[in-house]
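Working notes, beginning with the structure itself.
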Amino acid sequence: MISVKGVSKQFGDYVALDDVSLEVPDGSLTALLGPSGSGKSTLLRIIGGLETADSGSVEIHGVDATNVPPQRREIGFVFQHYAAFKHMTVRDNVAFGLTIRRKPKAEVAERVDRLLRIVGLAGYAKRYPNQLSGGQRQRMALARALAVEPRVLLLDEPFGALDAKVRTELREWLRRLHEEVHVTTLLVTHDQEEAMSIADDIAVMDNAHIEQVGNPRELYDNPSSAFVMGFLGEVSQLAGRLVRPHDIALGAESEDGAHEAMVSRVIHLGFEVRVELMLTSGEAVTAQITRTEADELELGQGDIVWLRAAGTTALHVDEQVPAAGTPEAVDAAEATQPSQS
Ligand SMILES: Nc1ncnc2c1ncn2[C@@H]1O[C@H](COP(=O)(O)OP(=O)(O)OP(=O)(O)O)[C@@H](O)[C@H]1O
């Protein structure tokens with residue numbers, strides 16, 4: 001287990017981490033998810049020993065690692081931009097950590113072969129890094145990090161520089177790899193879909209602290225704050241409550257507790273249909289319903305419908321959460337995150 005207790009870190013006046021505690025269970029894949037600047041990389045780097053905390057402690061597998069240098073923490077790192085020796089073949093790059101530890105040649109060869117097979121690069125052993133695609137390089141980086149049999153794997157946006165299609169493929173691949181090797185893994189990402197699809201647990205970070213930790217389903221169904229709810233999926237505001245668009249039911253008839261609204265736009269997304277609506281108060285709301293439901297209601301622009309919050313995931317709006325991109329949101333962001341120059 002990785003156990004972070006009360007870690008704080010400032011860069012000058014800027015608070016990057018404010019009394020952060022986190023436990024990463026043995027063998028789990030945990031994601032640190034949050035917007036840019038929320039402190040994810042700083043926390044990861046402190047766990048890895050690449051950065052020193054101002055206060056607090058880091059324990060790795062029961063041993064206080066706070067003052068242990070990174071090379072003695074038995075940690076494998078993979079960063080967004082791969083670091084490889086250009087003049088060495090893929091095989092030699094993967095073997096590097098073992099070779100410098102003077103492991104017997106036969107043992108190195110056997111382990112490297114196995115890793116290259118696991119990461120799907122068995123046929124690429126003799127190539128040089130510049131003869132690989134971006135996705136293949138990141139897989140090589142993962143094999144290299146795993147070669148020395150680390151007790152912890154720290155991944156900082158490992159697929160961040162790749163295009164969307166490769167990202168999705170590698171995400172699924174990483175999950176399968178994790179099931180095979182089971183190294184305690186911490187993955188930094190700002191992509192909620194990536195975190196939701198591969199992590200056992202997610203720690204949602206905002207503004208130098210951890211907002212909530214839970215498995216993807218718990219976080220999605222029971223967010224503890226408007227921030228977590230909004231970061232994990234789209235939200236609509238309906239009469240003072242935050243609701244998921246697919247938790248809004250539409251009906252043609254007026255009923256108790258339902259809100260009257262006019263259809264502003266109907267967008268067909270295949271199986272699902274997004275309906276943009278305007279409440280009588282002037283508030284805009286988005287609902288997401290199935291095509292069958294939309295067909296039954298024969299929805300068209302200008303129609304009057306009745307809305308109800310049907311799902312169980314709803315939060316009362318005790319603090320106004322400005323929609324992204326509005327001047328209020330920009331002001332709020334600037335107030336909490338002073339710009340760095
Ligand atoms: N060495 C440093 N010196 C000064 N400021 C730093 C340093 N490292 C990080 N910061 C600042 O600390 C804040 C948190 O950075 P961090 O990289 O941890 O965020 P993040 O959540 O990982 O975001 P991103 O995804 O953009 O990297 C940022 O505002 C960043 O500018």
Side-chain angles (χ1 to χ4, degrees), residues 2 4-22 24 29-58 65-66 69-70 73 75-83 134 138 141 145 152-164 166-167 170-171 174 185-199 201-214 216 219 223 225 227-228 230-232 324-325 329-341:
I2 304 172
V4 174
K5 291 196 186 112
V7 161
S8 295
K9 177 74 180 173
Q10 271 184 237
F11 295 106
D13 290 342
Y14 188 87
V15 179
L17 293 175
D18 183 12
D19 193 16
V20 168
S21 297
L22 174 69
V24 181
L29 198 172
T30 296
L32 283 179
L33 172 71
S36 181
S38 53
K40 311 179 294 291
S41 297
T42 303
L43 180 55
L44 194 83
R45 293 169 63 80
I46 287 174
I47 293 171
L50 303 177
E51 199 84 72
T52 320
D54 299 337
S55 55
S57 66
V58 175
T66 316
R73 290 191 186 197
I75 280 176
F77 283 102
V78 177
F79 300 102
Q80 178 168 348
H81 295 287
Y82 83 106
Q138 288 309 77
V152 169
L153 197 54
L154 301 179
L155 312 175
D156 195 350
E157 300 270 6
F159 313 136
L162 305 171
D163 68 52
V166 179
R167 263 186 99 105
L170 283 195
R171 183 197 282 175
L174 177 65
T185 301
L186 198 53
L187 164 78
V188 162
T189 179
H190 63 270
D191 181 339
Q192 55 88 15
E193 207 180 292
E194 185 163 292
M196 300 277 280
S197 61
I198 62 175
D201 287 315
I202 302 175
V204 182
M205 290 193 73
D206 184 33
N207 206 8
H209 70 279
I210 292 177
E211 277 273 326
Q212 192 177 1
V213 184
L219 292 182
S225 65
F227 173 80
V228 173
F231 204 74
L232 290 188
V330 173
D331 286 349
E334 279 173 0
T336 54
Q337 291 285 320
S339 57
Q340 306 277 306
S341 52

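Both ligands and their constituent atoms are indexed starting at 1 by order of listing. Note that the numbering runs from 1 along the sequence shown for the chain.
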Rounded at 0.5 Å granularity, tell me how far CG in Leu155 sits from CG in Leu187. 5.5 Å
Could you list the residues that satisfy salt bridge (Lys or Arg N to Asp or Glu O under 4.0 Å) with Asp191, not counting sequence neighbours? Arg167, Arg171
For Tyr14, take its heavy atoms, then give the atoms of ligand 1 lying under 4.0 Å from any of them. 12 (O), 13 (C), 29 (O)
Any idea which atoms of ligand 1 are less than 4.0 Å away from a heavy-atom of Ser41? 17 (O), 18 (O), 20 (P), 22 (O), 27 (O)
Pair Leu232, Leu33 - check side chain to side chain contact (heavy atoms under 4.5 Å, CB included), show working. CA-CA 9 Å; Leu232 290 188; Leu33 172 71; 3.5 Å; yes
Glu51 to ligand 1: N or O pair under 3.5 Å? no
I need the Gln138 CD to Leu162 CG distance, nearest 0.5 Å. 6.0 Å
Evaluate Phe227 against Asn207 for side chain to side chain contact (heavy atoms under 4.5 Å, CB included), listing each step before the verdict. CA-CA 11 Å; Phe227 173 80; Asn207 206 8; over 6 Å; no
Who are the side-chain contact (heavy atoms from CB on, under 4.5 Å) partners of Thr42, not counting sequence neighbours? Lys9, Phe11, Ala16, Leu17, Ile46
Is there at least one pair of N or O atoms, one from Ala16 and one from ligand 1, spaced under 3.5 Å apart? no
Using a 4.0 Å heavy-atom cut-off, say whether Ala208 meets ligand 1 through its side chain, its backbone, both or neither. neither
Please report whether ligand 1 has a polar contact with Gly39, defined as an N or O pair separated by less than 3.5 Å (distance criterion only). yes
Report yes if some N/O of Glu157 lies less than 3.5 Å from some N/O of ligand 1; otherwise report no. no
Quick note on ligand 1: atoms under 4.0 Å from a heavy atom of Pro35 include exactly 21 (O)
